[in-house]
Each structure stands twice: as C-alpha cells, then as structure tokens.
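Shown next, in structure tokens, is the structure this report addresses.
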Number of protein chains: 2
Amino acid sequence: MQPLSLPPRLLMGPGPINCYPRVLSAMSTQLVGQYDPTMTSYMNEVMALYRRVFNTKNQQTFLIDGTSRAGIEAALVSCLEPGDKVLIPIFGRFGHLLAEIAERADAQVHTIEVPWGEVFDPQQIEDAIKKIQPKLLAIVQGDTSTTMFQPLEALGDICRAHDVLFYTDATASIGGNPLEVDAWKIDAVSVGLQKCLGGPSGSAPMTLSDRFVSCVRKRAHVEAGIRDAHHQGSSGMRIRSNYFDLPMIMDYWGDERLNHHTEAATMLFGSRECAIQLLNEGQDAVIQRHQLAGEAMLQGVLALGLKPFGNLKHKMTNVVGVYIPDNVDGEKIRHDLLNIFNIEIGTSFGPLKGKVWRIGTMGYNARQDAVLHTLQSLETVLRRAGFALPAGAAVDAAMAVYSGEV
Amino acid sequence: MQPLSLPPRLLMGPGPINCYPRVLSAMSTQLVGQYDPTMTSYMNEVMALYRRVFNTKNQQTFLIDGTSRAGIEAALVSCLEPGDKVLIPIFGRFGHLLAEIAERADAQVHTIEVPWGEVFDPQQIEDAIKKIQPKLLAIVQGDTSTTMFQPLEALGDICRAHDVLFYTDATASIGGNPLEVDAWKIDAVSVGLQKCLGGPSGSAPMTLSDRFVSCVRKRAHVEAGIRDAHHQGSSGMRIRSNYFDLPMIMDYWGDERLNHHTEAATMLFGSRECAIQLLNEGQDAVIQRHQLAGEAMLQGVLALGLKPFGNLKHKMTNVVGVYIPDNVDGEKIRHDLLNIFNIEIGTSFGPLKGKVWRIGTMGYNARQDAVLHTLQSLETVLRRAGFALPAGAAVDAAMAVYSGEV
C-alpha cells in the first residue's frame, strides 16, 4: 500500500479540472464537531458566501452533500409530487438527466428539444409553458455535452407571468459565465464545484427563493426518532427521499440545527475556499478571465485548421467542442496528450461520441500558460499523427487574443 | 474573509471525531481526470481495500458519494420496490431512520422494538421473519443513540433459511467492533468514515453480495443521453432515485465506466487512507485498541461515581452513555469542557435527550492520552460545578485498565 501519488495532470477537459491551491490546502484542516459553534459559524458564513456567488438575497442558500446531480435530485424530488407537470427544454445530455430524474419522481414530464449545438429562444419556452401549464420549468444553464449556454434572462418573467416555478442547473457555467439569480427571478439553482469554481466534485451549492421554499415546506416532515412535541409530522405528501428532503436539510442549516446528516466538513471547507477565490478576484474579473481563455483557445484551434462544434454565438466561455479531423484517431490524440504531455482533454457523449473533443479552460486553468501549453501540445501530437497544419499558428492566434490584437 | 481557522478540539463525542493525520494529508492532493487511468486504478484499489475492511470477497464494494445515510438510502431504495415487505428491528434512533427511509420508498414497513439500551435476541428476529416473510431484513449494527451493539452473527443463516435479504448499517461500529460480512452472510452493508474509521463525513463505503446484486440488477436502467445500442432500457421497475441507483453506480465503478456522477475524488483519497490506516495497524489490533479505550473510559466514569446507560453487555467498544447526575446542568458541563478544555462530548436524542451524555473513544482518539485528558477534564468541570467525587479516581481507574491491572 503505497502513499497516494498522482501525475501532475493539466486538466483541460470539460471538468473536473485542477483545484485552486487554496481549496486543496483547506481540505487538510482537522475537524471540529458538527454543532461546535465554530462549525455552525462556518456553515453560516458559507451560506452568506454562496448568496454572493449566486447574486441572491435568498436565505435558503446551502450545500447538498453529494455531487452535482445530488443537487439536481434534491431540487426536483422535493418540488415535484407524483403527477405534477414539469417542462424540461433539452439541448444536451444534462437536459436528458433532468428529465430522467423527474420521471423517476413520477412527475408528468414534458420535454421540448433543439438539435445539439443550439439553444432555445425564450418564445419557444413560453409557447410550451402556455400549452403545458407546468408546475416547474427545469433547464440547464450550460450543458458541457454540447458546450452551449442557454440565455436565462427572459425566462424568470415568463415563469412568474404563468405562475411556474423556475429551476436551473448551472454546474457547468457557474463562475465562468453570468448568473443573476434574483435579477433573473430564478427560484432554485444547484451547481457543483468541479468546473469554473475550481474545487473537487462532491458538494452541491444550492439556492432557493421564498416561492420555492413555500412549495417544498408544504411537504415538510420530521423523521421519527428525533421528533418531539415541537416537531410533529406534517400533513403534506411526504418527499420520497430522506437524503434529499429539502425542508429537513433547511432545518439542519437553519437556527434549529435539527439533525439530518452529519455535514461533510472537509467538502464544506473546500466549498468555502471556492467561493472566496471567486469573490476575492471579483466575479466580473473571473468571467472576463474565462472569456479571454476561451476565446484564445477557440482562436488557437481555428488556427490549427480545426472546426468548432455548435453555434458559437451561444458557446459557454469555458469549453469548446472541436470536430476530430478525418483520418485522425481521436482517442490516440487524447492518449498521447495525456501520456506524453500530462494534458487531459475530453471526449464526448451520445450523438457526439467519437466525433468531437471538448477542451475546457476553467477555474484555475483559465490561464494563458495553460491555454498555450495545450495548443502547443495539441499541435505536436496532431503533426506527429500526420495532420497537416501551419506551425506555430495556434499559439500566435491565442497570444494575439491575450495581447488584445483581435 | 479570513483564512480558515478552527480550534484544536479533541472530539470525544459519538462522531464525527478527529481524522487520522494521514487522511487529512491525502485530502489536499491535486486531482486527475475521472477516467484517467491513475484515477480508475485508485478506484479499483479502494474497492479492494474495502473488501478487506468488510471481510468480504464481494466484487461490488465501492463508495457512495454522500454521508452515511446516502449509503443507507442507496441500499434501501435500490432493493425495495413499492409494496415490498421489509422487517426493521429498532433499538435506537437509527433504526427509526431505516424505517423512515423505507417508508418513503413506499415499502411495506414492519418494525419490532426493544427498549433503548437493549438489543434483540436472534429468536425475536426469526419469529418476526416467519410471521412477516419480508423481502429484506434491515438492521443497524451499532446505534450511537443508545451505544448498543446488535449481534449479527446468527442472523445471516436465519435470513438464508427464509430467503430474506439481509442489510445492515454499520456506520457507528465499523473499525472498532467486529464485522464479518461473508462469514455472517450479510447481503449489503453501508458505513461512513466519521466514526472509528477516522475520516470526515461525506463518503459511504458499501458492499453488496451477489444475491443483493441480482435483486437490484433486475431494476437496471441506463439514463437517456448516454444510452447507446449496447445500453437499452430495462423492463424492471425503475429505481426511484437516479443518484442512488446502484446498478448505474456499479456500472460506473465497473469495467464499463459508464458515466453516472463525477466521483468525489478528494473524498475517495480520504476513504483510501482510512482503510489503509485500519489494515496497516491490523483490524484485530484496532478493535483491541478500541476495547481498551472504551473500557478505560467506562471504568473512569464509574470511578467518578457516574452511572452508565444501557445494558453494558451489549455496549459498542467505542462509545458510552453516561447519566447526567441530578443537580448537574448537563449542557453547562459540555459547554465548559468545550470552552475551557477544547474537548467535545456528546448530548443525546429523543428519549435520552437531556438525560445522558455520550462519550466516544473512536478511531484516532481511541488512545490512552485522549481518554485521560477527557476524564481529568470531566472531573474538573464536575468538581467546580459542585458535584462531589473522589479526586483522581477516574484517571487511576483508566490507567489500571491500560496497565492490565483489571
């Protein structure tokens, strides 16, 4: 049993990516008890920090102890009772995931789709809302499977006008792209740390509006064994999951501190540093850093003679899809990048499998040196695989973006 | 936004407790990609390590990315279809938790109970199995709410004789008490790191027998968006949770590496060290260390004139319940221990709330110095609160246990 030893990879795929050093350092901090005043005070601080990350005043802003899809499932199963109608516009793999989680909750799931590489016009969504009259609109903000970024600004007003709750999964986009929870009137958002926030997978920050809270509070139920005179069972339809029961989780994070799980303290410490990194550098500055890195990577791959995937007008800042050229073995290129240069880029899912690489520029790795190392190395492995390309053009194109020449 | 800074608490409650230093160190390791061969090789190694921790040959041994109750819910919702009968013998708070998770899965839940502080005789359980004929027996091995340890040795044969699956939650007991998954014919076990394994909350190691695997495999279903020609939907009744769908989780940990969640790598690194700590020191040696520390703590509190809770014959090695003496403010004592001595002991739930302290000796803290510091400090705060006690007797009694005099 050897000590843990991992190669120094530069993670330029669609996530997870390398953590910010301050995040890793915090995760080796010794624990205190779960109700220790220092622990609950850090829990409160994390709530306040993520309110700023989400640009919201929502009191109910906290972490779900699990990976990103734990946050999605908590939002959907706590909100949707069997038979409730939900509208899910799908523009990639993660839209399908929302639909399948809602189906398992026995909700009445209605989907609309656009081809992979496109996003929805708000009018399409409003038309579907009028027709279906769902309880909830659930949509992904950024879908790494296609690299697309769905504009959400107009959807909040549409939802309020039709008395629909509005949930979004912003895991892939948060930190590298704008997300204005209150201004855009989004009722529930869940994310993960492992993309532009620069942390490890395993914690899902979430925020809930008062409208969303009153919806799930109707189903509040305190478990037997910790029930007392103040906490009788509720009359609402009980949420099907104990672990993802948002009213119970809110009571754990709230003043009551009613025991639910034992907070994953180490993940909380990491989540805290992710937020501080973003807020200290400044959200606008971090988004701009992602825009620059993403544009530099895009111009670099274009200069290599490669073709980007999807409607670039709606690409996230932090990831680009690149068609694998004809006569090039896409997996061999990825293999060589990893094994010769210690650089990881991503493969694809579903309809894009084997056709597209996905190259990320996220969080800690949204840096000029990371972009340039990746482009140089991609150029080298493509050249050695027999692909004709203009030597040095990729790096020049990327550096031109950084120097403001384009 | 100050750097993370926590007081150096000695955590002598029912968990979480202080992590082993090697666990914390590993958790500041930089990441690699989720399908990096070095990552999948560590995932395989963690499976092998936990087979040894669980004393099993079960192929399906892996981590659930969540706290202990995430492991419980994964086992129960993947196994139990609506209407399925489950027998849950309850001897404390966590038995109620199993029942409530099973109820939310719409299983037909049958419970039997013994008073808090006692455990079941196998005959009581066999009688109930004969009467109810459940699909599953679900029982906690050690319930920290009462400190009791349920003997499981005889239950496996009973379950096989009646064709019942057998699940246990061993979160509170694992590492500090024996658990022989194969020898005792247990079909499914889930645990957490935050007790005798000496890690943080947030990862739930789990092992499944072939019998349990074929039960849940009947409900296998691959989510849309990553389905291809090889992975069509199944005809079984779909598991209600995506996050806790064990067949999908097994396909992620298996050779297929079919994407489900993104493994919480930092928690995996910590889990690995917890297992290595246990296995390097030796399971028998670690259990003996817990026996010694637990016995020393018990003799110490007896020497202080305090009365232990429950049937000591069935106490876990790693935690003791202690009645709060009359005319002593239990919360004031805990407060002084924490604020003057940086030592945490536990309060209680439900029927024991306000009546009993729970003092743990777990994992890294199952050490003579930790026991002695705690007893000395408890003596001091009790004395200063006006409680009459024999000076020095607690430490002498504990040291006598360590020197083999009793």
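All values reported here derive from a predicted model rather than from experimental measurement. Lettering of chains follows the sequences in order, A, B, ..., and the numbering in each one begins at 1.
- In terms of non-hydrogen atom pairs under 4.5 Å with chain B, the most contact-rich of A:N18, A:L279, A:I17, A:N280 is A:N18.
- Here A:F269 pairs with nothing under the ring pair (Phe, Tyr, Trp, His ring centres under 6.0 Å) rule; sequence neighbours left out.
- Chosen from A:P21, A:G13, A:P16, the residue pairing most often with chain B at heavy-atom distances under 4.5 Å is A:P16.
- Listed by sequence position, A:P37, A:T38, A:Y42 are the residues of residues 37-46 of chain A in contact with chain B, using a 4.5 angstrom heavy-atom cutoff.
- Contact tally against chain B (heavy-atom pairs below 4.5 Å) for A:G66, A:G15, A:G202, A:G33: the top residue is A:G33.
- With respect to chain A, the highest number of heavy-atom pairs below 4.5 Å among B:A264, B:A99, B:G192, B:S201 belongs to B:S201.
- A:Q30 touches chain B through backbone and side chain together, each having a heavy atom under 4.5 Å away.
- By number of non-hydrogen pairs under 4.5 angstrom with chain A, the leading residue of B:N342, B:L24, B:I64 is B:L24.
- In this structure, B:I101 and A:N242 have side chains that are in contact, with non-hydrogen atoms separated by less than 4.5 Å.
- Under the 4.5 Å side-chain criterion, counting only non-hydrogen atoms from C-beta, B:E73 is in contact with A:S241.
- Chosen from A:P200, A:C19, A:P3, A:P7, the residue pairing most often with chain B at heavy-atom distances under 4.5 Å is A:C19.
- Taking all atoms of both residues into account, the shortest heavy-atom contact from A:R104 to B:I239 is NH1-O, 3.0 Å.
- For the pair A:S68 and B:T262, the minimum side-chain heavy-atom distance is 4.5 Å or more.
- In this structure, the ring pair (Phe, Tyr, Trp, His ring centres under 6.0 Å) partners of A:F244, at least two apart in sequence or on a different chain, are B:Y243, B:F244.
- Counting heavy atoms from C-beta on, the side chains of B:H221 and A:E100 come closer than 4.5 Å.
- Heavy-atom pairs under 4.5 Å with chain B peak, among A:S5, A:G199, A:A26, A:G346, at A:S5.
- Each of A:T266, A:V32, A:D65 has some count of heavy-atom pairs under 4.5 Å with chain B, and the biggest count is that of A:V32.
- Looking at A:P8, there are no atoms closer than 4.5 Å to chain B (heavy atoms on both sides), in backbone or side chain.
- When heavy atoms are compared at a cutoff of 4.5 Å, A:E103 approaches chain B by way of both its backbone and its side chain.
- Considering only heavy atoms from C-beta on, B:M1 comes within 4.5 Å of A:L49 through its side chain.
- A:M267 touches chain B through its side chain: at least one heavy atom from C-beta onward sits under 4.5 Å away, while N, CA, C and O do not.
- Contacts of A:L338 with chain B are made by side-chain atoms alone, with heavy-atom separations under 4.5 Å and no backbone atom involved.
- Every side chain to side chain contact (heavy atoms under 4.5 Å, CB included) that A:P82 has, sequence neighbours left out, goes to A:D106, A:M237, A:R240.
- Expressed to the nearest 0.5 Å, how far CG of B:L4 lies from CZ of A:R272 amounts to 5.5 Å.
- Contact check for A:L31 versus B:Q194: no side-chain heavy atoms found under the 4.5 Å cut-off.
- With a threshold of 4.5 angstrom between heavy atoms, A:S145 does not approach chain B through any atom at all.
- One distance of note links CG of A:D36 with CZ of B:R9; it measures 4.0 Å at 0.5 Å rounding.
- In this structure, CE on A:M27 lies 5.0 Å from CE on B:M27, to the nearest 0.5 angstrom.
- Distance CD1/A:I276 to CD/B:Q2: 9.0 Å, rounded to 0.5 Å.
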